[in-house]
Amino acid sequence: MSAHSHLDGKLPHEPERATLEGRNKVLGFWLFLGGETVLFGTLFSAFLALRDQVGDGNPTSQELFKLATVAIATVILLTSSLTSVFAIQAMHRGQVKAMQNWLIVTVVLGLAFLGLEVYEFIEYTHEGHQFSTSAFSSSFYTLVGFHGAHVALGVVWISLLIGQVYRKGLTVVTAPKVYVAGMYWHFIDVVWVFIFTVVYLMGKVG
Amino acid sequence: MAHAHPVKRHTGLMDWLTTVDHKKIGILYLIAGGFFFLIGGLEALLIRVQLWKPLNNFVGADTYNELLTMHGTTMIFLAAMPVIFALMNAIVPLQIGARDVAFPFVNSLGFWTFFFGGLLLNISWLAGTVPDAGWTSYVPLASPTYNVDKGVDFYVLGLQIAGIGTLIGGINFLVTIINMRAPGMSFMRMPMFTWTAFITSALILFAFPALTVGLVALMFDRLFEANFFEVAGGGNTVLWEHIFWIFGHPEVYILILPAFGVISEVISTFSRKRLFGYSSMVFATVLIGFLGFMVWAHHMFTVGLGPVANALFSIATMLIAVPTGIKIFNWIFTMWGGSIRFTSANLFAVGFVPTFVMGGVTGVMLAAAPADFQYHDSYFVVAHFHYVIVGGLVLGLFAGLHYWWPKMFGRALNEFIGKLTFWTFFIGFHLTFFVQHFLGLMGMPRRIWTYLDGLGFNTMNLISTIGAFLMGLGTIFFIINIIVTAAKPKNAGNDPWEDGRTLEWSIPSPAPEYNFAQTPLVRGYDALWKEKMDGNEGMSPAEPIGPIHMPSPSILPFLMSVGLFIAGFGFLYAKNDWNNAFVSNIFGNHIVAGLGLAITLGCMVVRSLKDDHGFHIEPEEITGKGVKA
Amino acid sequence: MSNHTTHSEEPAKRHKHEGPKKHIIAYVFSMLLTLVAFATVIGGEINTSFIYILLIIMAIMQVIIQMGFWMHMKDRGHLFPIVGILTGVFVVFTIVIMAEFWTWW
């Protein structure tokens, strides 16, 4: 078991792939993301099928969506994707402190995104766009809410990892976890790209 | 290198609850799947008793709906899939020369979530509100407007939890097969069963998320007043059918492909011949998997999607007959000129071939969209899918179980009782379902509770019921066989059939905890057979004997699944009218559901924080068991 | 299990640590794409289906940046990740066709 190779003070260049366990984890997570693609794809499809089913007297997507909020959320999430790249780069250079700092920035940006989303949802419900208002509203909240839940899970996950690396240091055991969490974060960002395009921008166009 | 990490090794019940050993998990899958198979079989017998004569009143119409719903759901999700996973767990790592699966912990988690999901679904019988909207649970029949009881909630939550287990099990096998093959075991040297396990796992990975979304949407509709399928709120009922079948059709291939793999292994072994057309078999398997995603709407020809959609899906469906036909011919050519031994395993395999052809032919008939308007929702369809699932999959599973039983348990099943099992089950099967083709063509609709006298249905329904009881008798013979065999000494050798071709037959039966004392060096397709032909005693090792690292057992997968089980109950009874204010409060405010999810998430955190150092099995312990140095 | 790890160590050649420059360029690109996407919609007055196509193309370009550069999918040794993601995308493609053409008529 090479799980203790950190004892000699030097990590391999790509510590996430140094052990079979690490390689299994990375590949398994890639495949999981393939499955997540289908999960979100199905949610998107349900939304596409139901997005015109607004019902009489309920706000339409053109009336509802405020692009300013969405634009800010997008910038925040895209930036957090960049900071998570920096974290992984720091990890590859063996700079644990820098890695943790970039991860903290990522978490903070994730929290900001979540705050914005909660604010947006509360606004919408005040305008009569509630979960059970129409098929449009149900599919909207389910799709965007699933993404939000993924962000929330990612925030908790990365926070726990920061603590774990603080306690155990960067090893061939912890490195794959950080790497995989980074992949997860990028994937969330990819999903958001489609949400702002398909849900918000196309919804605004009509 | 070899730190001796002290690790608590459990015995008795705790050993089974905490095991991460793929061979033991395989046995757990077999026990649980077998248990649900008996429940589903009992439901089938009750259905057949109700239908044995016209205007029978054995069970009420409501109960009948519950029986047929639970029969279908149980057999597909809780009996067939787990037994497939049992064989995959028991055999795939051995066939590729691996010491373990890629994620032993996740493997155990997959089993327990499946088990508790299945338990939740079946507890509906005790709760008195059983799912009754069919295994496809079509809306609006399953919608809160028309189905006010909790039955469908049990369906939604039970399948959701069981589905998580299946999905992570699929990922586990994909990574195992990609990353953990022994040196020399290239993809095109993999045994056919491993190939089919690989493609089946891929289908699970890409099909189950669609079911997850469908079930979430139905759950939101039922529990949180969403409008996905509520027409009054702008929802669309056809959307459910699409989502269900986008999952549901690949699911059919998830079921049948492993059976194809088993048949390939068994026929090749007992014909003492290399599998005919191995590479075309691999190609056909991949192609069936790929096409499986493009045919879902053939379940929906009568919905009215229009001529373009119906034509497209009709042609795509018929295309699948091509790779399937390739397989049928390959099996026949494998037997051709071979020295065939009709062991009970091979009887099941040989019986499979014509039976599956019949199921395939009716499949092509159903694929013709205009004709399907006549067959739709008649007993013709019932006959068709039982020919492919029972005549295909279940015969395949029986073949696999008889074939690999010595490798799993160290004792070969009794051959005489095995043949008795085959003949009663096989004859019973054809008696039950062959006549149903004609019942369907004469116009008997499926899922009906009873029928009138004088329609010409009487005799054939009686025959069908007699056949069902014969199948039940066959199952009882199989159980007797298991009991008789369990009383025998564990004396199966490494290669009890003497003609074993693949790696699992190069190691003791049952396989030791670490599978291979030394990872074998694979030098060709049918790795063990090649060594036999070259006059070698077993496989040549690819590494010296050294300490073997093993993962530690863990109770966390069990606890995580219990958490999901509790959460399922919390959601189910959130809106129940409780007499007690306190109980009403903790369920109504989702405290029970939250608690269950907290248990699951808490266990995940513990798992992440606590490093699993595992333990080592030292060379002395290995060589003590007689391994050549 | 451990024995597998020994004979598949990283190749001896030292990888060059890539700097942040490439990623900052990628970031600027994705920001530009976002900006153009929002501007197109706010600017309005163009043909709706043209905007749809434009938006989808820009989303796909963003995904290529994210997955290719930031998730290292363009690097060697990513055959199975690529197969996995592309299969998922293919399945999603069929599901989207379903939603667009075969739910209402």
Side-chain angles (χ1 to χ4, degrees), chain A residues 1-3 12-14 17-23 26-27 29-42 44-50 52 67 70-71 74-75 78-79 81-82 84-86 88-89 92-93 182-183 186-187 189-190 193-194 196-198 200-202 204-206, chain C residues 1-2 4-6 8-10 14-15 17-20 23-24 26-27 30-31 33-35 37-38 40-42 44 48 51-52 55-56 58-60 62-63 66-67 69-73 77-78 80-89 91-93 95-100 102-104:
Chain A
M1 184 74 184
S2 41
H13 168 66
E14 286 186 325
R17 286 174 215 277
T19 61
L20 179 64
E21 285 84 352
R23 287 193 297 277
V26 173
L27 176 62
F29 204 80
W30 269 110
L31 296 173
F32 170 72
L33 291 184
E36 287 265 278
T37 307
V38 178
L39 183 106
F40 276 105
T42 316
F44 270 107
S45 300
F47 175 79
L48 283 173
L50 301 174
D52 295 331
L67 289 189
V70 182
T74 306
V75 171
L78 284 178
T79 311
S81 212
L82 181 71
S84 73
V85 170
F86 287 158
I88 301 297
Q89 282 199 318
H92 283 165
R93 281 193 294 266
M183 283 166 58
H186 291 308
F187 182 78
D189 206 8
V190 168
V193 166
F194 280 102
F196 86 69
T197 306
V198 173
Y200 290 102
L201 292 183
M202 287 188 177
K204 203 69 185 175
V205 174
Chain C
M1 275 168 66
S2 60
H4 288 269
T5 59
T6 46
S8 48
E9 288 297 329
E10 284 295 309
R14 199 69 201 132
H15 293 255
H17 286 298
E18 45 181 26
H23 294 294
I24 291 174
Y27 175 72
S30 74
M31 278 299 169
L33 284 167
T34 310
L35 187 71
F38 275 85
T40 326
V41 173
I42 295 167
T48 308
I51 294 187
Y52 277 11
L55 289 176
I56 292 292
M58 282 186 291
I60 291 171
Q62 288 245 30
V63 170
Q66 287 271 348
M67 299 194 110
F69 287 85
W70 292 355
M71 293 171 85
H72 302 284
M73 234 162 120
H78 281 73
F80 284 102
I82 290 171
V83 171
I85 297 290
L86 285 186
T87 313
V89 169
V91 174
V92 169
F93 185 69
I95 304 176
V96 169
I97 289 191
M98 170 279 282
E100 280 296 303
W102 294 324
T103 40
W104 306 95

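Labels below follow one simple rule: chain letters A, B, ... track the order of the sequence lines, proteins then strands, and each chain is numbered from 1. Below, each value reflects all heavy atoms present in this structure, side chains not excepted, and no hydrogens, waters or symmetry copies.
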Practice task
Please round to the nearest 0.5 Å and tell me the distance separating atom CZ of A:Phe44 and atom CG of A:Leu39.
Solution key: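 Atom-to-atom, A:Phe44:CZ and A:Leu39:CG are 11.0 Å apart.
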Problem - Nearest-0.5 Å distance, CH2 of residue A:Trp30 to NE2 of residue C:His78 - result: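 Reported value, rounded in 0.5 Å steps: 5.5 Å.
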Handout entry: Considering all heavy atoms, the nearest C:Thr34-A:Thr74 contact
Key =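 Taking every non-hydrogen atom into account, CG2-CG2, 3.6 Å.
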Exercise for the section: Carefully, step by step, assess A:Phe196 and A:Leu67 under the rule side-chain contact (heavy atoms from CB on, under 4.5 Å). Expected result: CA-CA 9 Å; A:Phe196 86 69; A:Leu67 289 189; over 6 Å; no
Practice task
For each of C:Leu86, C:Ile60, C:Leu55, tally heavy-atom pairs with chain A at distances under 4.5 Å, and name the one with the top tally.
Solution key: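 Maximum pair count with chain A is reached by C:Leu55.
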Side chain, backbone, both or neither: which part of [X] has a non-hydrogen atom closer than 4.5 Å to chain C?
X: A:Phe194; result: side chain
X: A:Leu78; result: both
X: A:Ser84; result: neither

Can you tell me which of [options] forms the most heavy-atom pairs within a distance under 4.5 Å of chain C?
options: A:Val85, A:Val205, A:Leu201; result: A:Leu201
options: A:Val198, A:Thr79, A:Leu33; result: A:Thr79
options: A:Ile88, A:Thr42, A:Val70, A:Leu50; result: A:Val70
options: A:Val38, A:Leu48, A:Leu82, A:Val75; result: A:Leu82

At a 4.5 Å cut-off on heavy atoms, which part of [X] comes close to chain A: side chain, backbone, both, or neither?
X: C:Val89; result: both
X: C:Trp104; result: side chain
X: C:Val91; result: side chain

Problem - Listed partners of C:Thr103 passing side-chain hydrogen bond (donor to acceptor under 3.5 Å, both in side chains), at least two apart - result: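 Partners of C:Thr103 by the side-chain hydrogen bond (donor to acceptor under 3.5 Å, both in side chains) criterion come out as none, since no residue qualifies.
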Problem - Any residue meeting side-chain hydrogen bond (donor to acceptor under 3.5 Å, both in side chains) with C:Gln66, in chain and number order, not counting sequence neighbours - result: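 So C:Gln66 forms a side-chain hydrogen bond (donor to acceptor under 3.5 Å, both in side chains) with A:Ser81, A:Asp189.
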Exercise for the section: Find out whether A:Phe187 and A:Phe32 are in side-chain contact, i.e. whether some heavy atom of one side chain is under 4.5 Å from a heavy atom of the other. Expected result: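 Not in contact.
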Practice task
Side-chain contact test, heavy atoms from C-beta onward, threshold under 4.5 Å: evaluate it for C:Tyr27 versus C:Trp70 and give yes or no.
Solution key: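 Answer yes - side chains close enough.
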